[in-house]
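To find a chain, count down the sequence lines: A is the first, B the second, and so on, and within it residues start at 1.
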Amino acid sequence: MAAAPVRLIRGPASRAFVQHQRRAPVNARIPNRMSADSLIHVQELSKHFRTFKRREGVWGSIQNLFVRDYRTVAAVDRVGFTIERGEMVGYIGPNGAGKSTTIKMLTGILVPTSGEIRINGYVPYRQRRQYVKTIGVVFGQRTQLWWDIAVIESFKLLRRIYDVSQRDFDARMEHFDAILNIRDYLHTPVRKLSLGERMRCDLAAALLHNPPLLFLDEPTIGLDVVAKDHIRQFLRAINREFRTTVLLTTHDLDDIEELCRRIMIIDHGKVLYDGHLAQLKQQLLRTKQIKFALKDRTQAGCLDAFSRDGLEVDQVDELTYRIRFDRVKVSTSGLIRKILDAVDVRDLLIEDEPIEEIIKRIYAGEAHLEVSV
Amino acid sequence: MPTLTPISEKSGIAGLLDAGERHFGLFFDYFSQYAKVRVSYRGDFFISLATSFAATIFALSFVVVLFQKVPQLAGWRFEEVLFLYGFSLIPYGIFNIVSLNLYDFGNNYIIEGKFDRVLLRPISSLFQVLFETFRIESLQEVATGVFCMWWATRHLGLAWTPAKVAMLFFFGLCAGIIYISVFLILSTVSFWFEDRIGVHPPVWNVMAFGRYPLSIYSGMVQFFLCWIIPFGLASFYPSVRMLGRTISPQYAPLVPVVAVVFLTIAISLWNFGTRHYSSTGT
């Protein structure tokens, strides 16, 4: 089944949605100091956890009760950024980099150790109850919905919790159904849904109160290609139509490439890169590779000359070779000419280094780049 | 460090009333949500009702057996002890109906990280934890308690005046609040120490002490049951008052005061604890 292109319906259904304009918070206690249009403003944000080394075994756990070796770990270390209204930002990093901790502070779940967060005029952890009415949150690994009962029952309770009028609720449900096709399993208990179905329902649940800001933690984790595509189309659609600001963490770089113009890379609690994806590619995409298949395996010996010139030559399979090179130092066309001169080539392919490789190099500290804010 | 400020929608009394009204309405929504879950597992409900009722009956039969061997307990006759026992089942039942989640709070909400979801909703976190699930079969404890009291008063020749019925409701509620508050206070420990089992079980067993006349215990134990973990205070003095026995000192008027104090401590600790919540790794 191919996912149908997402179109948002105009007309009666859209009345329940208001484009998210800047709205002065009703009860902000601290005067608004940020630029007129930025939605999220984070400064010098840190979160330290005190952990202790756990001893093993029965005796060890008894010891744990009395003596503990505490140490403080900075899960997030003086992070700062600003996100404007209507942006879609990818927040990426390896496991344990501090992504989730950041999201949890931004959503008001965790109280920061130090630093400042202002979102939509609120300080999340201090004005939690008012603030969470203005955000939607989807954790890919955990559902918001009640496990044992029909999806629609969860929606109905959420309607009451978020104080959404029946009229808006009906309109939005109709709308979500049009985009996400959830009607068919609204009356199925959540535990009987597939992961993809559940994720669609979770997205709908997170947007039931029409928040101007949506946080997604691993929204496509474990989904198949079709389901992923559907979710991405939906996110693009709500971002385009309602200017919903989206901040998402992911391990799937396709999510980023398809959704976000801007990415933030975090590791060891620090922001390593904050800027456009295209710019990152341009700065770091220095390595290209040429893959080619030989007509005749006896010519393989001729390739030794390339290795002697300092190029990286790998044999992929019996007849296929790969040469990796720095596009700044080596001209691509020159290299192709050389290859064609040296051997008879049946097929040839020029590739950029996959984005995963770049990210991996950033994590490993090999890629030196300036954090452009 | 950020300063502690109460979280409420509007400030002052108006805000409290507003939030109170909203939460009152939501209580029924949460309850009906729970009911829908229970109905979807029908067999489970009847089995838990039966086992829960059997547990009550077994515990009660101990009192019956005891009084076949001894005529009196520290000057208390069987019917009087039964009345006290019955009364103590009321807060016990209320506590069980409401606080099922507290018993497993550390494990379920803190260690498994379910508390994240609670904090993402624009309503009180304590409200959600208390009312996300119920143990409706514990209504049998309240019913058994009322039955015991009714049976005892009939044999004692005591009449149920409207004033006494009002007293029963009032003290039953106060005692219920005391029980819930004590376990709430114990639950907040989970915000600081990650332990799966928590500190509930020993205190759970202390509840049994509240079912017998305080006068059978030594002074230290009496003090403990009145002012440290006031299960004794909560059930004994109201029962004395309703039975019309003379005893000094009469602490019954202090029961609502203790209830308010414990509830205040519990809620403050809860709010303080939520700021310490450190969530799970992912």
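- Here the closest non-hydrogen pair linking Thr143(A) and Arg117(B) is O-CD, 4.1 Å.
- Across every non-hydrogen atom of Arg129(A) and Ala19(B), the tightest pair is NH1-CB, 4.2 Å.
- Proximity to chain A is absent for every atom of Phe115(B), based on heavy atoms less than 4.5 angstrom apart.
- Leu119(B) contributes atom CG, which lies 8.5 Å from atom OG1 of Thr107(A) (distance to the nearest 0.5 angstrom).
- The number of heavy atoms from other shown groups lying within 6.0 Å of CZ (Phe31(B)) is above 12.
- No part of His276(B) comes within reach of chain A, as not one of its non-hydrogen atoms sits under 4.5 angstrom from that chain.
- When each of Ile149(A), Ile161(A), Leu110(A) is checked for heavy-atom pairs under 4.5 Å with chain B, Ile161(A) comes out on top.
- Interatomic distance, NZ of Lys36(B) versus CH2 of Trp146(A), reported as 10.0 Å (0.5 Å rounding).
- Neither the backbone nor the side chain of Ser114(A) comes within contact range of chain B, judged by heavy atoms closer than 4.5 Å.
- Remark: Arg191(A) CZ is packed, more than 12 non-hydrogen atoms of other residues, nucleotides or ligands lying under 6.0 Å away.
- Ranked by heavy-atom pairs under 4.5 Å with chain B, the first of Val137(A), Leu158(A), Asp148(A), Asn95(A) is Asp148(A).
- Taking a 6.0 Å sphere around CZ of Phe155(A), one finds it holds more than 12 heavy atoms contributed by other residues, nucleotides or ligands.
- Heavy atoms of Ile103(A) lying under 4.5 Å from chain B are absent altogether.
- In this structure, no portion of Val39(B) lies under 4.5 Å from any heavy atom of chain A.
- Distance OH/Tyr131(A) to CG/Leu120(B): 9.5 Å, rounded to 0.5 Å.
- The CG atom of Asp163(A) lies 10.5 Å from the CD1 atom of Ile123(B); values are rounded to the nearest 0.5 Å.
- Counting heavy-atom neighbours within 6.0 Å of Glu21(B) CD, excluding the residue itself, gives a total of 12 or less.
- Within 6.0 Å of CZ on Phe193(B) lie no more than 12 heavy atoms contributed by other residues, nucleotides or ligands.
- If you take CD on Gln33(B) and NZ on Lys156(A), they are separated by 9.5 Å, rounding to the nearest 0.5 Å.
- With rounding to the nearest 0.5 Å, the separation of NE2 in His48(A) from OG in Ser278(B) is 14.5 Å.
- Side-chain contact between Arg121(B) and Val132(A) is absent, with no heavy-atom pair separated by less than 4.5 Å.
- In this structure, the side chains of Ser32(B) and Glu153(A) stay at 4.5 Å or more apart for every pair of heavy atoms.
- Heavy atoms from other residues, nucleotides or ligands lying under 6.0 Å from CZ of Phe53(B) number 12 at most.
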